[in-house]
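First the proteins, then the strands, lettered A, B, ... as listed; each starts at 1. Note that the structure is a prediction, hence the values are computed from the model and not measured.
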2 protein chains.
Amino acid sequence: MKISDLATRTGLTAHTIRYYERIGLMPAADRDSSGHRAYDERTLVWVEFLGHLKTTGMPIRDMLDYARLRAAGAGTEGRRKAMLAQHRAVVAQRVVDLNECLDVLDAKIAGYGD
Amino acid sequence: MKISDLATRTGLTAHTIRYYERIGLMPAADRDSSGHRAYDERTLVWVEFLGHLKTTGMPIRDMLDYARLRAAGAGTEGRRKAMLAQHRAVVAQRVVDLNECLDVLDAKIAGYGD
DNA sequence: CTACAACTTCGAGCGCACTCTAAGTCAAGC
DNA sequence: GCTTGACTTAGAGTGCGCTCGAAGTTGTAG
């Protein structure tokens, strides 16, 4: 898979994918015979997971912490699990906050009448 | 109410409040005898509402559109209602997305075992 | 053979939302 | 009278997450 294919399938741009690699969010990509980046399905899965973290508002520096643990491999599962569990709690709270805001919006919208 | 009081009660800083005034998110504040900003409860309500819009991810430029309609007064209620209704739909979708991400996180967390 | 598109690296630039600094004014307490 | 601390202005600086541009190389279609 070329970088443009990965871009299409993830919704990112090739520029953004290279940026992610540069800052360490993605491991250095394999290269084909002409020096172009060649990706496999595992990379796609990883980028999609990063997308979930991004959707839930995790800052890149935290994703980097997680990516480094992942790169370190065995022995870091406990810390990775703890990171995700902690993040999960933050996201769950944000859902609660957003639902409260939806109520406020509904009240305000209703206040404008028909 | 002085700017420091408004800051305390809204969780913003005095710097941020002045910034909001500068860009037009808040009307020019009344001044006391020594030229300091003096706020009333209505301003507090407005800032809190801005806080809800911010929590729900509305960009400042959209808040500005809303603030301008509000400042224009009567005759803009329809458009204000439409803006909020549109935003409400976006926020509701984000709640859906976040809940999906929570499922992904739960699956990942479970995958790490005990 | 020649376009042309897609890739490469490096580094600069951008939009957002603050955040802070500097220099000065003013009111209250010791 | 003097210090202290909160206020004032204008404008510069920060951190984040991209986003783009320039200049060069390579693979493919006509």
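A close approach under 4.0 Å does occur between a side-chain nitrogen or oxygen of A/S34 and OP1 or OP2 of D/dG27. For the pair B/R18 and D/dA6, the criterion of a side-chain N or O lying under 4.0 Å from OP1 or OP2 is not met. Distances shown here put a side-chain N or O of B/Y20 below 4.0 Å from the OP1 or OP2 atom of C/dC18. OP1 or OP2 of D/dC18 has at least one side-chain nitrogen or oxygen of A/K54 nearer than 4.0 Å. Side-chain N/O atoms of A/R37 include none lying less than 4.0 angstrom from OP1 or OP2 on C/dC7.
Between B/H36 and B/P59, the residue anchored closer to the 5' end of DNA chain C is B/P59, taking for each the nucleotide with the nearest heavy atom. Along DNA chain D, the nucleotide nearest to B/R31 and the one nearest to A/T13 differ in position, and the one closer to the 5' end is contacted by B/R31.
In this structure, the nucleotide among C/dA6, D/dT8, D/dG27 sitting nearest to the side chain of A/S33 is D/dG27. Looking at the side chain of B/T16, the nearest of the listed nucleotides D/dC7, D/dC18, C/dT19 is C/dT19. In the set D/dG27, C/dC20, D/dT8, C/dC20 carries the atom at the smallest distance from any side-chain atom of B/H15. Of the candidate nucleotides D/dC18, C/dC18, D/dA6, D/dC18 has the atom lying nearest to any side-chain atom of A/Y19.
Ion pairing between A/E48 and A/R9 fails under the 4.0 Å rule for side-chain N and carboxylate O.
Residue-level contact check: A/R22 touches the bases, meaning some heavy atom is under 4.0 Å from a base atom. Residue B/I23 is classed as having no contact, given no heavy-atom separation below 4.0 Å to the nucleic acid.
In this structure, the side chains of B/I3 and B/R18 come closer than 4.5 Å at one or more pairs of heavy atoms. With a 4.5 Å cut-off on side-chain heavy atoms, A/Y66 and A/H87 do not count as touching.
By the 6.0 Å and 45° rule, A/K2 does not stack over the aromatic ring of A/Y39.
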